[in-house]
Amino acid sequence: MNYEIVELENFSGSQATIYSVIMEEDGITLFDHFVNENITDYRKEIRFIANRLQEIGNTTGAREKFFKHNEGKPGDGVCALYDDPDSKLRLYCIRYGNIAVILGGGGPKPDDVKAWQDNEKLTLEAETIMKISQDIMQRIHSGDLQWSKDGSQLLGNLTISDNDE
């Protein structure tokens, strides 16, 4: 998988930095794909998510209560942005404490689906963000990536290539 991690400056602020990912040869982020795929049928939920991201970046930081945790493997930080319990949309992301979030993709979770593993689209989106989390952890461990002193900025080469491994 080849991709670039980019800051979403329209959501980032003094309380948290919000990132997403642009896959190789794609012009928009995974988050933008999520919005474009769901804006027609889930306009209210998309608006809520955008407002929550503004709040996270500028007012509250990435508080634990905003996320459904343990959506990925233990320790990978993969979670879903939480909104109204009646919400159909799931937005998968990686949460780094209260001060940074990397947004992936997601989609609607039908009422008859108990877990993301039971839905092809949600499985693809969750597994993509889990792979990205794994890549980031490996690159932090090797020193290719690091967090800024205040922990809010991911520094280093934010373009990830399969050829780097």
Which pair of heavy atoms, one from G61 and one from Q15, lies closest together, and at what distance?
N-CB, 3.5 Å

Using every non-hydrogen atom in the two residues, find where P108 and N38 come nearest and quote the distance to one decimal.
CD-OD1, 3.4 Å

Measuring only between side-chain heavy atoms, which start at C-beta, is F66 closer than 4.5 Å to T60?
yes

Pairs meeting criterion salt bridge (Lys or Arg N to Asp or Glu O under 4.0 Å) with involvement of residues 53-66, two or more places apart
R52-E55

Listed by chain and number, what are the side-chain contact (heavy atoms from CB on, under 4.5 Å) partners of K68, not counting sequence neighbours?
E71, A80

Is there side-chain contact between L30 and Y3, with at least one heavy-atom pair below 4.5 Å?
no

May I ask you to test the L158-L145 pair for a side-chain heavy-atom distance under 4.5 Å?
yes

Does any part of the side chain of Q134, heavy atoms only, come nearer than 4.5 Å to the side chain of M130, both counted from C-beta?
no

Atom of V101, atom of L103 and distance for their closest heavy-atom approach:
CG1-CD2, 3.8 Å

Considering all heavy atoms of both residues, which atom of I18 and which atom of S12 are nearest to each other, and what is their separation?
N-OG, 2.8 Å

I'd like to know if the side chain of N51 and the backbone of F48 have a donor-acceptor N/O pair within less than 3.5 Å.
no

Taking E125 first and then K121, would you say they form a salt bridge - that is, a charged N and a carboxylate O separated by under 4.0 Å?
yes

Donor-acceptor pair, side chain of R95 and main chain of A62, under 3.5 angstrom:
yes

Decide yes or no for E7 and Q153: does some side-chain heavy atom of the first lie under 4.5 Å from some side-chain heavy atom of the second?
yes

Are V21 and T29 side-chain neighbours, meaning at least one heavy-atom pair lies under 4.5 Å?
no

Counting only N and O atoms by type, is there a donor-acceptor contact under 3.5 Å from the side chain of S133 to the main-chain atoms of V78?
no

The side chain to side chain donor-acceptor pair (under 3.5 Å) partners of N70 (sequence neighbours excluded) come to none

Are the side chains of L81 and I49 in contact, using a 4.5 Å heavy-atom criterion?
yes

Between A16 and I56, which heavy-atom pair has the shortest distance, and what is it?
CB-O, 3.5 Å

Taking every non-hydrogen atom, the tightest pair across N36 and I28:
ND2-CD1, 3.5 Å

Is I99 close to T17 at the side-chain level, that is, under 4.5 Å between some pair of heavy atoms?
no

If Ile, Leu, Val, Met, Phe, Trp and Tyr residues are connected whenever their side-chain heavy atoms lie under 4.5 Å apart, and connections chain through other members, are Y96 and I160 in the same group?
yes

Kindly assign one of parallel, tilted or perpendicular to the pair Y19 and W147, based on the angle between their ring planes and the thresholds 30° and 60°.
perpendicular

Pair F34 + Y92: ring centers closer than 6.0 Å
no

Is it the case that the side chain of E45 and the backbone of K88 share a donor-acceptor pair, with hydrogens and angles ignored and the cut-off at 3.5 Å?
yes

Without swapping roles, check the side chain of S20 against the backbone of F31 for a donor-acceptor pair under 3.5 Å.
yes

